[in-house]
Each structure stands twice: as structure tokens, then as C-alpha cells.
Amino acid sequence: MCTMDDAATTTMSNAERRLTFRARHRLSGIRAFTRVHREGVRKPRGPIIVIGMPNDLPHCRLGLSVSRRVGNAVTRHAIKRKLRESFRLLQHDLPGGYDFVIIVRPHATIPMQRYKDQLASAWEAIDATYKKRYRRSSDAEPSA
RNA sequence: CGACAUGGACAGGCGGCCGCUGGCCAGACUCUUCGGGGUCAGGACAGAGGAAAGUCCGAGCACGGCAGGGCGCGGCGGUGGGAGAAGAUCCCACACGUCCUCUCGAUCGGGGGCGCGGGUUAGGAGAAGAAAACGACCGCCGAUGGCCCGAUUCGUCGGGCACAGGUAAGGGUGAGAAGGUGCGGUAAGAGCGCACCAGGCGACCGGUGACGGUCGUGCUGUCAGACCCCCGCCGCGUGCAAGGUCAAACAGCUUCCGCUCGUGAAAGCGAGACGGCCGGCCCGGCCGGAAGGGAGCGGGUGGACCGCUGGACCGUGAUCGCAAGGUCGCGGCAAGAGAAAUGGUCGCCACCGGGUGGUGUUGAGCCACUCGGUACAGAACUCGGCUUAUCGUCCAUGUCCGAUC
């Protein structure tokens with residue numbers, strides 16, 4: 001039993017440490033996108049606008065919206081890959097349980113590190129906003 | 001050697017770390033209606049293009065439509081062969097037009113490039129212009145007729161006017177002005193006549209044919225067919241978000257059961273209860289099955305699976321063909337995503353450009369350091385073409401020619 005437990009904990013910790021980007025990390029479907037657009041918090045950061053809202057999952061999900069105005073298919077795809085990579089590398093360093101939609105505005109190409117910094121900044125800002133809201137509502141509830 | 005043209009090949013390389021998609025091989029945990037499903041970690045393998053693009057043609061495939069014919073709409077357009085699944089497209093030869101190539105220049109020949117290229121004597125629209133064809137704005141003429149003046153042998157003659165009229169030489173407009181140039185001709189002109197040139201028509205000759213040649217014929221405006229139109233030929237529509245399968249949940253529809261007792265294996269039948277209708281009420285008669293459940297049909301929404309990658313396939317050798325390509329042998333299986341994988345980052349090297357320093361008689365070049373760059377561009381059902389974009393490197397072929405004056 002003891003060994004079983006050990007094995008379980010190691011796999012868990014391994015799973016937590018690994019920087020994967022699977023299908024479950026993707027935001028999919030027009031409903032999920034419009035929901036985030038309508039209810040989420042918008043944080044513009046340079047060439048990108050990050051919209052975030054909490055989900056009921058232990059991890060975060062990412063959706064990308066890059067219009068044709070940004071460039072041709074190759075350019076758009078390159079930006080998407082860099083943003084996805086940024087999300088992948090950041091996923092365990094920042095609080096989980098959010099859905100994000102990133103809208104990309106037309107801009108000159110920049111290295112991935114810049115996208116990563118912008119995303120981290122927006123991520124923290126969104127988390128702070130929801131933490132504040134949660135605290136306010138839990139403070140207000142007992143009094144009312 | 002160099003320049004230009006055409007065709008072909010390649011589309012920076014290697015490594016570390018961290019990831020993604022696919023089927024395959026194996027494992028742990030877990031759920032299960034025992035069919036299977038879920039989560040996690042692992043292994044080796046495979047994983048964008050010559051244009052994957054534009055979606056412009058031609059097909060396969062799918063669904064819908066379809067007697068036959070006509071109108072309409074759309075597409076194509078030199079000729080003869082050939083390749084091809086194809087009426088897409090391509091190849092060879094020829095014809096026509098045009099350009100280039102030698103030369104101070106001209107002509108002829110050779111060679112090469114380019115051409116969405118049937119009909120403009122079937123007709124129409126089109127700006128400017130007087131007019132695009134039954135042409136007269138200016139101009140020219142005014143022979144002939146008219147009017148006026150003079151002379152007169154009374155027959156006419158000379159001069160004038162620009163009234164009738166004649167006229168396409170010249171001006172102006174235009175891409176184009178009555179085929180062009182020259183000579184004759186005329187009052188002035190005009191294919192009115194002639195010569196040459198260009199075109200049309202006819203005859204003959206050559207050619208399978210596009211067409212070419214000769215002769216005849218005064219027959220002759222021209223830009224536009226990437227405007228309508230005419231002629232010939234061809235053409236159903238929509239595209240994998242096509243379309244098919246599956247199981248859920250929820251509308252809707254059909255049908256059965258329905259509450260009790262008897263009978264019966266069951267279906268059912270009989271009786272009763274209940275509800276509705278006839279009725280003031282009862283009897284009686286007729287009709288029905290709420291709630292709930294079973295079965296069937298089933299629009300739309302979301303999901304899963306199929307379609308979905310083995311094909312007019314790729315590589316290679318032989319052979320046939322001028323070529324496009326054909327035939328045969330051998331070897332191979334090569335992405336299948338779905339908010340959409342095929343990457344991110346770091347280092348080294350290669351190539352190109354700039355700067356600094358060194359070497360070098362100046363220069364060319366070489367070396368070191370440093371900075372920047374390394375195209376166009378991303379599969380979305382699959383093929384065959386076309387078109388467009390493209391940093392550069394390499395290879396192959398062709399041309400850069402001749403005669404006469």
C-alpha cells in the first residue's frame with residue numbers, strides 16, 4: 001500500500017512539473033470563445049489583448065484569435081506558436097483555473113520572450129482582479 | 001570566356017534542451033451494463049510545398065435533378081498530326097502576323113522569340129467632327145443653267161456675280177475621311193483613264209488543310225470581335241461545411257397499455273369503475289384513456305465515428321518516340337489536423353551584405369572581430385493542368401549567322 005501511494009504521488013508531481021500542451025489545454029468551440037469574450041476581464045498588453053475568466057478545471061485553457069489583418073497564414077501561425085509556447089512554459093508558475101482568449105493586433109514580429117512577459121503580466125493582473133472580487137463578495141455575504 | 005533566353009534540380013546544415021500530431025508496440029491505475037471506456041507515464045517510427053497559394057480550367061467522388069426539343073445563359077476558337085482519363089492542358093510540324101539577330105544602310109536567306117489568333121461586304125453602339133457613309137463647315141470651281149454689264153455682223157462673244165449646281169485636291173476633327181503614290185485628265189475634281197503597290201471577288205494551279213502562287217476584274221474607308229452581335233463546337237446544379245452511420249438528452253407526431261374483477265399461457269373477450277357527450281335527473285346509448293409507461297417515426301442543436309488518404313501514386317532501370325509521353329521490369333508506401341499538429345529556444349557552421357582592424361607598393365584579394373540578413377510562402381477530400389509570388393546556388397541546351405548591292 002505504501003509503495004502504491006508513493007508511486008501515485010510521484011506520478012502526480014511529475015504531471016504537475018511537466019510542461020505539456022494537450023487538447024484539454026485548448027479552448028474549443030464558438031460558445032466557449034463568446035463566453036470568455038462577454039464575461040472575461042480584458043487586459044491589453046502591447047500587441048496582444050488577454051481576456052480571462054475562471055473555469056471549473058484544475059488547469060488553464062488557451063484560445064487564440066488572430067485576424068487576417070495581422071498577416072498571411074505563415075505569419076499568423078508563427079505568432080500563434082510563440083503564444084502557445086509562452087502559455088506552455090508559464091502554466092505552472094502562475095495560478096491555474098482560468099480560460100484565456102488572446103486577441104492579436106497587427107504588429108511587427110517580436111521574439112517569444114516578449115510575448116511571454118506580456119502574457120505573464122496580463123495573467124497576474126487577471127488573477128488579482130478575480131481574487132479581489134472573491135474577497136469582496138465573501139466579505140459582503142456575512143454582513144448581508 | 002561572357003551576355004541573354006529556355007528548361008531542370010535544390011529550397012541552408014548539424015547538435016543540446018523543452019514540446020505537438022498520428023498509427024504501432026508494450027505498462028500502471030481506474031470505471032464498467034464485461035462489449036469496452038478514461039487518466040498517466042514509456043519505446044522506436046513517420047510528420048508541408050514547388051508553388052501546399054490564387055481557386056482560373058479539367059476530372060474522380062457525393063447528394064440533388066433529368067423524356068425529347070427550343071429560348072436564354074456561360075465557355076472555347078489558325079491548320080494537320082500526336083500525347084492525355086479529359087472537350088483541361090501539353091508536344092511536333094506547318095500557315096499567317098509581328099519583333100529580334102549580320103550591316104553605314106537596303107534587300108534576300110538562315111536562325112530565334114512572341115501572338116485569347118473564326119467573321120468587321122449580316123447588322124448595330126462608340127468620343128471628336130459638317131460628315132463615319134444617300135458626306136459639303138471652311139475651301140476650290142462655277143464648264144452647264146440663271147442673273148447683271150459691255151460688245152455685236154443679232155448667230156453669238158467677252159467680263160462679272162456666286163443664285164442653282166459641281167467638287168473629296170487642301171484645311172480642321174479623329175486611331176481611321178472615301179485604298180495609297182505618281183502621271184494623265186478636268187471648270188475644279190474624282191479609279192474618270194493608266195502604271196506600280198495593298199486589299200476584295202472570280203477562275204486556274206499547288207497543298208490533306210490553314211494557306212500560297214498566277215491570271216483576270218476598277219470591285220475598294222477604317223479602329224474596334226479583351227462591346228453587342230454572327231458562325232461553328234461544347235456545357236445539368238451544388239461542393240467533403242459534399243455526404244453517410246451511431247448512440248444520448250429534449251420538442252413534436254403515430255400507436256398500444258391504462259383502474260378493478262372474471263376467463264385465458266398470452267393476445268383478447270366479458271363485466272364493472274372513471275371521464276366526456278345526449279339529458280333537468282335516472283335508466284339507457286355512444287365515445288374516450290389524463291398522469292405514467294412501452295414501441296415506432298423523427299426536424300433542429302451539440303457530440304463521436306466514417307468519408308480520410310494505395311493513387312490516372314512515387315522512385316529507378318530498360319526500351320519505343322523529334323517531343324508531349326507510352327510499354328515493361330524492379331523497389332517503395334510517404335502528414336491526415338479539426339480554434340486546426342508538423343514547432344519553440346540556445347549554440348556552432350555555411351552563404352550574402354555593411355563596418356572596424358591587420359596583411360598587401362595602390363588595387364584586387366586574404367585573415368580576424370563585430371552587426372544585420374538567409375526568399376515566396378503552411379496541407380484541410382484527392383488527382384491532372386494553368387496563373388501568380390520567390391533570397392539565391394548548381395546543371396543542361398540554344399543564340400550571338402550568311403549572301404548580294
Side-chain angles (χ1 to χ4, degrees), chain A residues 1-138 140-141:
Chain A
M1 284 304 273
C2 235
T3 48
M4 275 269 287
D5 262 355
D6 281 1
T9 46
T10 44
T11 51
M12 272 291 280
S13 58
N14 270 344
E16 269 181 329
R17 270 193 276 111
R18 286 200 51 161
L19 304 168
T20 58
F21 188 82
R22 297 280 166 74
R24 63 164 183 276
H25 297 105
R26 292 210 174 102
L27 198 61
S28 165
I30 187 120
R31 284 182 186 174
F33 268 72
T34 49
R35 196 170 123 86
V36 174
H37 266 279
R38 202 170 48 243
E39 299 176 25
V41 178
R42 295 169 73 91
K43 297 290 173 189
R45 287 289 182 281
I48 61 173
I49 303 169
V50 183
I51 310 174
M53 65 173 291
N55 60 19
D56 301 328
L57 303 166
H59 53 82
C60 286
R61 291 189 298 180
L62 179 70
L64 296 167
S65 175
V66 187
S67 82
R68 302 196 84 175
R69 292 193 302 128
V70 175
N72 62 20
V74 174
T75 311
R76 281 182 278 137
H77 201 179
I79 292 168
K80 280 182 174 181
R81 283 197 299 252
K82 286 180 181 177
L83 284 169
R84 213 177 286 131
E85 188 74 1
S86 303
F87 175 84
R88 185 176 74 80
L89 295 171
L90 286 168
Q91 61 181 323
H92 298 309
D93 301 336
L94 290 163
Y98 289 102
D99 281 348
F100 296 110
V101 169
I102 301 180
I103 299 168
V104 178
R105 292 194 282 215
H107 65 285
T109 50
I110 57 173
M112 194 206 77
Q113 190 59 42
R114 294 268 309 280
Y115 287 120
K116 197 176 161 190
D117 296 343
Q118 307 277 19
L119 176 61
S121 160
W123 194 326
E124 280 163 354
I126 288 162
D127 184 54
T129 307
Y130 279 103
K131 286 253 171 63
K132 205 187 287 176
R133 277 192 197 173
Y134 176 74
R135 223 177 298 124
R136 203 176 295 153
S137 63
S138 53
E141 245 172 84

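Here is how names work: the chains are called A, B, and so on, in the same order as the sequence lines, proteins then strands, and each is numbered from 1.
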[atom1]-based separation of [M] from [N] [nearest Å]:
{"N": "B:G60", "M": "B:G35", "atom1": "P", "result": "47 Å"}
{"N": "B:G272", "M": "B:G285", "atom1": "P", "result": "9 Å"}
{"N": "B:G15", "M": "B:G398", "atom1": "P", "result": "43 Å"}
{"N": "B:U173", "M": "B:U120", "atom1": "P", "result": "31 Å"}
{"N": "B:G117", "M": "B:G84", "atom1": "P", "result": "30 Å"}
{"N": "B:C116", "M": "B:G97", "atom1": "C1'", "result": "15 Å"}
{"N": "B:C73", "M": "B:A67", "atom1": "C1'", "result": "23 Å"}
{"N": "B:G298", "M": "B:A251", "atom1": "C1'", "result": "10 Å"}

- Testing B:C18, B:U345, B:C20 for proximity to the side chain of A:T20, the answer is B:C20
- Message: Given B:A339, B:G378, B:G344, identify the nucleotide with an atom nearest to the side chain of A:F33.
- Response: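 Nucleotide nearest to A:F33's side chain: B:A339.
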- Test item: A:H37 and A:I51 side chains (from C-beta on) under 4.5 Å apart, heavy atoms: yes
- Would A:R84 count as a cation-pi partner of A:F87, with NZ or CZ less than 6.0 Å from the six-membered ring centre and within 45° of the ring normal? no
- Message: Tell me whether the count of non-hydrogen atoms from other residues, nucleotides or ligands lying under 6.0 Å of CZ in A:R105 goes above 12.
- Response: yes
- Query: Counting only heavy atoms not in A:R76, do more than 12 fall under 6.0 Å of its CZ?
  - Reply: yes
Whom does [N] pair with, Watson-Crick or G-U wobble, provided both distances fall under 3.5 Å?
{"N": "B:A337", "result": "none"}
{"N": "B:G27", "result": "B:C40"}
{"N": "B:G343", "result": "B:C18"}
{"N": "B:G353", "result": "B:C371"}
{"N": "B:A312", "result": "none"}
{"N": "B:G252", "result": "B:C297"}
{"N": "B:A168", "result": "none"}
{"N": "B:G77", "result": "B:C231"}

Rounded to whole Å, how long is the line connecting atom [atom1] of [X] with atom [atom2] of [N]?
{"X": "A:N72", "N": "B:A52", "atom1": "CG", "atom2": "C1'", "result": "13 Å"}
{"X": "A:R76", "N": "B:A341", "atom1": "CZ", "atom2": "C1'", "result": "17 Å"}
{"X": "A:Q113", "N": "B:C346", "atom1": "CD", "atom2": "P", "result": "9 Å"}
{"X": "A:F87", "N": "B:G344", "atom1": "CZ", "atom2": "C1'", "result": "16 Å"}
{"X": "A:L64", "N": "B:A341", "atom1": "CG", "atom2": "P", "result": "10 Å"}
{"X": "A:R114", "N": "B:G344", "atom1": "CZ", "atom2": "P", "result": "18 Å"}
{"X": "A:K116", "N": "B:G344", "atom1": "NZ", "atom2": "C1'", "result": "11 Å"}
{"X": "A:D117", "N": "B:U345", "atom1": "CG", "atom2": "P", "result": "14 Å"}

Can [N] be described as syn, meaning its chi torsion is within 90° of 0, or is it anti?
{"N": "B:G150", "value": "anti"}
{"N": "B:G276", "value": "anti"}
{"N": "B:G165", "value": "anti"}
{"N": "B:A334", "value": "syn"}
{"N": "B:A83", "value": "anti"}

- Are A:F21 and the base of B:G19 stacked, counting only ring centres nearer than 5.5 Å and planes tilted under 30°?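 By the stated criterion, A:F21 and B:G19 do not stack.
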- Checking ring pair (Phe, Tyr, Trp, His ring centres under 6.0 Å) for the pair A:F100/A:W123: CA distance, chi angles, key distance, verdict? CA-CA 9 Å; A:F100 296 110; A:W123 194 326; 4.9 Å; yes
Using a cut-off of less than 4.0 Å, is there contact between a side-chain N or O of [X] and OP1 or OP2 of [N]?
{"X": "A:R26", "N": "B:A340", "value": "yes"}
{"X": "A:H77", "N": "B:G343", "value": "no"}
{"X": "A:R81", "N": "B:G343", "value": "no"}
{"X": "A:R84", "N": "B:A341", "value": "yes"}

- Message: I want to confirm an ordering. Mapping A:A78 and A:L27 to their closest nucleotides on RNA chain B, which one lands closer to the 5' end?
- Response: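 Nearest-nucleotide comparison on RNA chain B picks A:L27.
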- Message: For A:E85 and A:T75, find the nucleotide of RNA chain B closest to each by heavy atoms; which residue's nucleotide sits nearer the 5' end?
- Response: A:E85
- Of A:L62, A:N55, A:D99, which meets side-chain contact (heavy atoms from CB on, under 4.5 Å) against A:L27?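 When side-chain contact (heavy atoms from CB on, under 4.5 Å) is applied between A:L27 and each of A:L62, A:N55, A:D99, only A:D99 qualifies.
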- Query: Under a 4.0 Å N-O cut-off, is there an ion pair linking A:E85 with A:K82?
  - Reply: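 Judged by the 4.0 Å cut-off on N to carboxylate O distance, A:E85 and A:K82 do not form a salt bridge.
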- Query: Taking all non-hydrogen atoms of both residues, which atom of A:G97 and which atom of A:C60 are closest, and how far apart?
  - Reply: N-SG, 3.6 Å
